[in-house]
Amino acid sequence: MNDYPGRVKTGLNTRENWWSAMPPRTGRGPKPTRWVLIMLTFVLPLLIPAGLNVFRSEATGEGSVIFGLLVFYGACYVLFPMVMRPSGRWMYFALAGTMLLTGSVLTFLMGGNPYVLVYATAVAAFILPPAWAVIFNGTTLLGVLIGLSLTGAPDLGDFVTVVSVTVAMFFMANLVRAVRKLEAANQEIATLAVAGERERLARDLHDILGHSLTTITVKAGLARRMLESGKDDGRALEEIREVEGLTRSALSDIRATVSEYREVSLSAELAGARAALRAAEIDADLPHAVDNIEPGLQRTFGYVLREAVTNVLRHSEAKRVTVRFGKRWLEIEDDGEAVEAPAGNGLRGLTERLDAVGGTLKAAPRPGGGWLVRAEVPATVVVSDPRAPFTEAAGECA
């Protein structure tokens, strides 16, 4: 069998599953009183005839012993679902061994009737690991068959029926194990899906608000300085109007992101970067068109441009920013202060976005000073406008 990452191994095709106990129940299951009623429906056909013989006037001491053993045997069968706990491994072996021994004794006391063994073999199949269930049940059935052969000719038809029922119970128990494993896996998948969606939303909000709020801060600061100096009030009013527009746009982007409708456009990000850099009084050398970039990469490169420009505004104290791109690559470089620092969650998110399209991201100081961010996708990779990875890092930018 080929192994795949994350594959849930539920069958008997692995050594681990042969020796592992029954997984715990993921749900609540039937109430104890309901368990008792269900199990009694299987035990009463065995107990009632023996009880009637005991209470008859001609009942012998042997009949009383048989009835007592049957009551003990039936009680073990009725109560075994309620003692199934993850920490009760040795209790399982004790219960299975006791029931198999009692069932073997009753088989000989009841005239060689092997059907009484079905209750014990079924319990062993459910509470023991599959390998031990085969060992316990196989040894017991073989011992009873040998004992019946020595004391008289056994009814092979009845014995084959008991073996067939035991095998059926064995595979039914394995089916229950598989179902419980799959239920546990589904619960884990649901938990991971919630965590992944939370990270995706946090990542997208970081990408959207990080750039928008940085631009708003720069523009508001510029307008404040103009108003304080009393010069160029018209320019200050224009900056305030742009701040108002950016806040409305950011609010719209948040609503769209929550609804998963927002699309990032490289051309829109280019225009936004031009406005943000101008407001920060940073000389920007930006392309005027994005037609030469492969369409399937424009969304990813839009995120790269947004994050890189945001980092320039926040950290670099640059005076000039240059953006260049080709069919499958994008570069953003500045002349600010280049300081080696661990990659933040913003750059980690970009790295994951590039990984999703088979590309690479490089963010490092330039030899002549400043910082260089380069995103590139090899020509050998087929690109078809992928969406963002489901689970990505979220948080502050680098």
Side-chain angles (χ1 to χ4, degrees), residues 1-43 73-74 76-100 103 114-115 117-142 159-197 390-391:
M1 179 191 70
N2 295 329
D3 292 337
Y4 300 95
R7 180 170 182 173
V8 180
K9 299 176 181 179
T10 58
L12 294 177
N13 46 5
T14 64
R15 179 182 177 87
E16 179 185 358
N17 286 345
W18 271 99
W19 296 97
S20 62
M22 177 74 72
R25 187 189 302 117
T26 55
R28 296 180 60 184
K31 296 180 179 179
T33 53
R34 189 173 299 178
W35 267 123
V36 172
L37 293 176
I38 292 173
M39 306 311 285
L40 280 175
T41 59
F42 294 97
V43 173
Y73 188 63
C76 291
Y77 181 78
V78 169
L79 299 177
F80 92 88
M82 287 180 281
V83 300
M84 292 181 67
R85 299 289 184 270
S87 59
R89 182 179 179 88
W90 295 111
M91 183 185 297
Y92 298 166
F93 283 92
L95 177 61
T98 301
M99 288 197 66
L100 288 170
Y115 286 109
L117 273 174
V118 169
Y119 298 90
T121 57
V123 169
F126 274 91
I127 67 177
L128 297 181
W132 284 111
V134 171
I135 293 172
F136 272 53
N137 286 340
T139 302
T140 301
L141 291 172
L142 181 61
F159 198 82
V160 169
T161 301
V162 171
V163 172
S164 300
V165 173
T166 300
V167 172
M169 291 296 101
F170 174 81
F171 284 106
M172 183 177 294
N174 185 61
L175 178 61
V176 173
R177 289 184 178 90
V179 169
R180 290 189 176 184
K181 286 186 177 182
L182 291 175
E183 287 177 347
N186 285 337
Q187 288 187 353
E188 184 176 357
I189 289 171
T191 301
L192 292 175
V194 171
E197 179 64 11
F390 188 70
T391 302

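- Put simply, CZ on Phe171 and OG1 on Thr166 are 12.0 Å apart, with the number rounded to the nearest 0.5 Å.
- For the residue pair Pro114 and Val162, the shortest heavy atom distance occurs at O-CG2, 3.5 Å.
- With sequence neighbours excluded, no residue forms a side-chain hydrogen bond (donor to acceptor under 3.5 Å, both in side chains) with Thr140.
- The heavy-atom pair separating Ala133 from Ala124 by the smallest distance is CB-O, 3.6 Å.
- Formation of a donor-acceptor pair under 3.5 Å by the Tyr119 side chain with backbone atoms of Phe42 is found in this model.
- Between Cys76 and Leu95, the closest side-chain pair of non-hydrogen atoms falls below 4.5 Å.
- Considering only heavy atoms from C-beta on, Trp19 comes within 4.5 Å of Trp132 through its side chain.
- Shortest non-hydrogen contact noted between Ile127 and Tyr92 is O-CD1, 3.2 Å.
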Give the C-alpha distance, both sets of side-chain angles, the deciding distance and a yes or no for side-chain contact (heavy atoms from CB on, under 4.5 Å) between Asn17 and Arg177. CA-CA 9 Å; Asn17 286 345; Arg177 289 184 178 90; over 6 Å; no

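- Residue Leu117 holds its CG atom at 7.5 Å from CZ of Phe159, rounded to the nearest 0.5 Å.
- Atom CE of Met99 is separated from atom OH of Tyr77 by 8.0 Å, given to the nearest 0.5 angstrom.
- Side-chain atoms of Val118 and Met169, non-hydrogen and from C-beta on, never get closer than 4.5 Å to each other.
- Using cut-offs of 30° and 60° on the angle between ring planes, the pair Phe93 and Trp90 is tilted.
- Nearest heavy atom pair, residue Val43 against residue Gly74, reads CG1-CA, 3.8 Å.
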Report the C-alpha distance between Asn137 and Phe170 in whole Å, list the side-chain angles of each, state the deciding distance to 0.1 Å, and finish with yes or no for side-chain contact (heavy atoms from CB on, under 4.5 Å). CA-CA 10 Å; Asn137 286 340; Phe170 174 81; 6.0 Å; no

